[in-house]
Number of protein chains: 2
Amino acid sequence: MNTAPASVPEPAPAPDGAHRWLTDEEQRVWRSYLHATTLLEDHLDRQLQRDAGMPHIYYGLLVQLAEAPRRRLRMTELAMNAKITRSRLSHAIARLEKSGWVRREDCPSDRRGQFTVLTEEGYGVLRETAPGHVHAVRQALFERLSPEQQKSLGEIMQIVAEGLQPDEAGADLPWLR
Amino acid sequence: MNTAPASVPEPAPAPDGAHRWLTDEEQRVWRSYLHATTLLEDHLDRQLQRDAGMPHIYYGLLVQLAEAPRRRLRMTELAMNAKITRSRLSHAIARLEKSGWVRREDCPSDRRGQFTVLTEEGYGVLRETAPGHVHAVRQALFERLSPEQQKSLGEIMQIVAEGLQPDEAGADLPWLR
DNA sequence: GCCTGCTTCTTGAAACTTGAACAATCCGGG
DNA sequence: CCCGGATTGTTCAAGTTTCAAGAAGCAGGC
């Protein structure tokens with residue numbers, strides 16, 4: 001959960017600055033980050049498990065489907081949107097299908113492909129539970145931050161995501177890099 | 001993963017402001033947040049699984065132990081520090097013990113209690129893998145943010161954590177509230 | 001047509017997490 | 001002393017995630 005603490009022996013200060021520990025201030029920021037993100041994720045997971053009977057990530061899958069044209073997506077696309085592996089998605093969809101919130105359909109143009117379709121029932125669950133979830137997010141996050149902080153948070157998270165992403169934008173334009 | 005999307009029917013605008021959707025801007029911030037935190041956690045988990053043979057959370061447990069006096073902590077205290085349940089900790093410690101990085105010791109003053117002690121071997125693993133982990137954190141986060149952004153992130157996460165915590169500071173001083 | 005390599009999705013086993021239930025112990029009051 | 005309630009840590013079962021492997025279909029070159 002944390003980076004190397006003070007009590008872990010410091011590595012020899014590398015000439016080039018590699019292997020540099022975090023400063024005290026960085027350490028504080030990092031621990032706050034871990035602390036807050038852990039608590040928030042736990043909080044939302046419990047909220048949704050209680051009110052919707054599924055973990056946060058599964059809820060996110062239903063949301064993605066609800067937003068998609070004809071409320072359906074190919075497995076691979078859904079997996080990419082949700083930033084999870086296809087394998088994980090397969091298991092998740094199997095579970096959601098068992099709950100009746102989702103249904104599979106063959107893709108006519110590619111016989112390997114599968115669509116996942118949000119059922120009426122799944123849509124209903126979303127409609128019923130979305131307000132509570134939004135409320136939880138609002139209460140835990142937005143109500144506590146000033147407009148400037150919200151803006152700043154957005155920018156920061158944007159930057160971090162871009163740095164970690166396997167190059168989403170321009171991934172199909174490799175010659176630009 | 002996401003809050004209610006545009007395509008989920010809006011709840012009747014409650015007079016008191018309950019059940020309010022997120023604004024477009026809030027929505028953007030929230031999705032950036034989810035996106036970034038997911039990617040970062042995945043990134044660090046893989047990094048540590050690869051280089052240290054354990055998930056991020058387990059690494060955090062070792063760090064906590066390394067920082068503690070005599071490199072040992074009671075189960076409950078460790079669980080609270082790491083923000084996980086006692087149950088989860090029990091499993092985790094069992095695994096770390098099997099790996100030889102940690103060892104249990106009875107608490108002399110409370111026969112229900114257990115100490116978890118970081119072994120020399122566990123300490124060694126930490127010493128070897130900490131630099132790589134710090135590097136990953138630095139690279140994914142601090143190198144990409146301006147000093148102002150780092151400061152801002154710290155403040156924001158502090159606020160969020162405080163809002164969610166079962167009242168850590170002052171929990172034993174209830175008369176102050 | 002028929003390889004070869006790639007993509008799509010699924011599967012199975014092992015690892016990890018969750019929540020409830022539990023035994024053992026502590027602690028304060030009567 | 002003894003009881004009831006609280007705390008400590010573990011365990012079980014069910015659910016979720018990961019990783020490696022694999023079946024099936026596509027697509028291009030020959």
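Heavy atoms only: backbone and side chains are in, while hydrogens, waters and symmetry mates are out. Throughout, protein chains are lettered first and strands after them, A, B, ... in sequence-line order, and every chain is numbered starting at 1.
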Query - Contacts of type ring pair (Phe, Tyr, Trp, His ring centres under 6.0 Å), residue B:Phe115, not counting sequence neighbours - result: none
Query raised in the report: OP1, OP2 of C:dG19 versus side-chain N and O of A:Arg50: anything below 4.0 Å?
Result: no
Report task. Any chance you could list the contact pattern along nucleotides 9-16 of chain C? Use B for base contacts, S for sugar-phosphate-only contacts and - for none, protein heavy atoms under 4.0 Å, 5' to 3'. Result -> BBBB---S
Query - Segment of DNA chain D, first to last nucleotide, that comes within the 4.0 Å heavy-atom reach of chain B - result: D:dT7 to D:dC19
Query - From CA spacing to verdict: salt bridge (charged side-chain N to carboxylate O under 4.0 Å, His left out), B:Glu148, B:Lys151 - result: CA-CA 5 Å; B:Glu148 294 74 28; B:Lys151 179 158 173 287; over 6 Å; no
Report task. Output all residues satisfying salt bridge (Lys or Arg N to Asp or Glu O under 4.0 Å) with B:Glu121, sequence neighbours left out; order by chain, then residue number. Result -> none
**Report entry** Partner set under salt bridge (Lys or Arg N to Asp or Glu O under 4.0 Å) for A:Glu128, not counting sequence neighbours
**Finding:** none
**Report entry** Pair listing, salt bridge (charged side-chain N to carboxylate O under 4.0 Å, His left out) test, anchored in residues 90-106 of chain B, at least two apart
**Finding:** B:Arg72-B:Glu105, B:Glu97-B:Arg104, B:Arg103-B:Glu105
Report summary line: Across all chains, not counting sequence neighbours, the salt bridge (Lys or Arg N to Asp or Glu O under 4.0 Å) partners of B:Glu26 are A:Arg138
Query - Euclidean distance, atom CG of residue B:Asp110 to atom P of C:dC27 [Å, nearest integer] - result: 7 Å
Query raised in the report: Residues in salt bridge (Lys or Arg N to Asp or Glu O under 4.0 Å) with B:Glu120, at least two apart?
Result: B:Arg71
**Report entry** Results of side-chain contact (heavy atoms from CB on, under 4.5 Å) for B:Leu96 - residues two or more places apart only
**Finding:** B:Met54, B:Tyr58, B:Leu61, B:Leu62, B:Ile93, B:Trp101, B:Val102
